[in-house]
Amino acid sequence: MTVQAANTPLERRGRTAGALLSTFGGLAAFFVLIAINIAITPNFLELQTLFVNISQVATIAIVAVGMTLVIATGGIDLSVGAVMALSGALAPLIFNSSLGVAYPAVGLVAAFVLPLVAAALCGLFNGALVTFLRVQPIIATLILFISGRGIAQVLTNGNLQTFSNPHFSVLGTGRVLGLPFQGWLTLIIAIVIFFLVRRTVFGRYLLAIGGNEQAAKLAGAPVRKVKIAVYMICSVLAGIAGMIVVAINSASDAARNGNLMELDAIAAAVVGGALLQGGRAPIFGAILGAMIIQLVKYTLLANGVEDEVALIAKAGIIVVAVYVQQLRAGTA
């Protein structure tokens with residue numbers, strides 16, 4: 001009987017190519033997209049174009065950071081778009097309520113706090129299903145994917161909810177040093193989460209669970225607590241993204257806020273280097289992945305290509321990213 005070598009030159013070359021593509025492929029794709037847009041997209045180098053892209057990529061990047069943490073534990077979260085819709089629906093309701101009208105300062109605080117509390121409870125629900133009831137993450141989060149947006153639409157009676165509050169709108173339209181506020185917020189979130197993953201015990205537990213959950217459990221890692229915390233962080237970040245969308249528009253549309261965001265977030269995380277089997281949490285890779293997703297979308301739309309084609313392109317990006325992961329693992 002012939003036993004095949006476990007580490008043939010071809011497999012080694014495949015892993016080397018996969019590692020190089022995983023490390024530098026995203027950056028190369030980003031700069032190629034920049035060059036293409038400079039060549040073919042009108043007004044691409046104008047400041048207004050930069051501001052538009054920062055505003056639109058911020059929500060994808062923030063949710064992608066949370067998705068990266070979930071994927072690092074070997075899970076997935078399909079509910080992020082619904083959580084965006086739910087958290088975004090609450091702020092206008094608070095501003096237009098009798099409390100918000102009679103006590104504007106109280107209403108403003110509540111409009112910032114209550115949506116995040118609701119988002120955290122959504123994450124707690126997801127985490128509890130995954131850890132205590134041992135429901136597969138894709139099924140557990142599918143429950144909120146279906147019901148979360150429905151709850152948001154019930155709360156708003158299915159209507160567009162408008163409001164006027166310049167203090168809250170700063171979240172979506174403010175400028176700091178000339179750049180959109182949500183861009184700075186995205187950077188701060190990325191730095192904080194990066195520190196959490198790389199410099200804390202929680203981060204070491206998170207990566208250990210994704211690498212080998214049973215071994216992590218035997219080593220004393222609080223697997224349930226870490227997983228619940230990860231799902232809560234992911235939902236809170238989705239809640240922040242939902243509030244940004246509402247602040248930009250001074251209105252909440254529960255049917256559209258966060259629609260298909262789960263696709264963008266998963267794509268950005270995978271393109272950024274997150275392994276679907278868990279064990280890696282490249283936070284700034286997720287930011288790069290979000291920028292690539294946004295640039296692909298912008299390039300197509302700015303040059304008259306229908307939005308449906310952008311969806312196909314994003315699906316293709318995921319396929320390529322997964323193939324690169326297989327090359328790196330030597331299974332392609």
Side-chain angles (χ1 to χ4, degrees), residues 59-89 115-116 118-154 193 206 209-210 213 226-245 253-272 274-278 280-281 286 289-290 293-294 297 310-312 314-319 321-322 325:
T59 52
I60 301 174
I62 290 171
V63 180
V65 167
M67 187 67 73
T68 298
L69 295 182
V70 173
I71 291 175
T73 64
I76 202 77
D77 191 344
L78 299 181
S79 70
V80 288
V83 173
M84 285 180 65
L86 182 58
S87 65
L116 297 184
L121 290 175
C122 289
L124 178 62
F125 176 77
N126 287 335
L129 288 180
V130 171
T131 57
F132 287 101
L133 298 185
R134 299 186 181 279
V135 180
Q136 288 291 328
I138 194 169
I139 301 300
T141 58
L142 186 63
I143 296 171
L144 266 181
F145 170 84
I146 296 170
S147 63
R149 192 174 300 278
I151 295 171
Q153 290 179 302
V154 168
I193 299 298
L206 183 153
I209 291 168
E213 183 172 327
V226 171
K227 280 192 170 184
I228 289 174
V230 163
Y231 279 97
M232 290 181 70
I233 292 171
C234 184
S235 289
V236 167
L237 293 181
I240 292 172
M243 293 165 65
I244 290 174
V245 173
D253 184 352
R256 295 178 61 85
N257 190 355
N259 191 32
L260 296 180
M261 178 56 77
E262 52 282 338
L263 171 63
D264 285 346
I266 293 170
V270 174
V271 170
L275 300 177
L276 291 176
Q277 64 266 35
R280 292 189 69 207
I293 297 298
Q294 171 57 28
K297 185 191 305 183
L311 294 176
I312 297 172
K314 284 186 282 188
I317 289 172
I318 296 176
V319 171
V322 171
Q325 290 186 7

To check you understand the geometry: which heavy-atom pair defines the closest contact between [X] and [Y], and what is its length?
X: Ala254; Y: Ala85; answer: O-CB, 3.6 Å
X: Gly239; Y: Val83; answer: N-CG1, 4.1 Å
X: Lys297; Y: Asp264; answer: NZ-OD2, 3.6 Å
X: Val271; Y: Gly289; answer: CG1-CA, 4.0 Å
X: Val63; Y: Ala238; answer: CG2-CA, 4.0 Å

Check for a donor-acceptor pair, side chain of [X] on one end and backbone N or O of [Y] on the other, with a separation under 3.5 Å.
X: Arg149; Y: Gly81; value: yes
X: Ser87; Y: Pro115; value: no
X: Arg280; Y: Gly210; value: no
X: Ser235; Y: Met232; value: no

Using side chain to side chain contact (heavy atoms under 4.5 Å, CB included) as the criterion, point out the one residue from Val80, Thr59, Val65 that pairs with Leu237.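 Only match with Leu237 under side chain to side chain contact (heavy atoms under 4.5 Å, CB included): Val65.
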
About how many Å separate [atom2] of [Y] and [atom1] of [X], when rounded to the nearest 0.5 Å?
X: Leu144; Y: Ile151; atom1: CG; atom2: CD1; value: 7.0 Å
X: Asp77; Y: Asn126; atom1: CG; atom2: CG; value: 5.0 Å
X: Leu142; Y: Ile138; atom1: CG; atom2: CD1; value: 7.5 Å

Exercise. Just wondering, more than 12 heavy atoms not from Ile146 lying within 6.0 Å of its CD1?
Worked result: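 Atom CD1 in Ile146 is crowded, with more than 12 foreign heavy atoms closer than 6.0 Å.
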
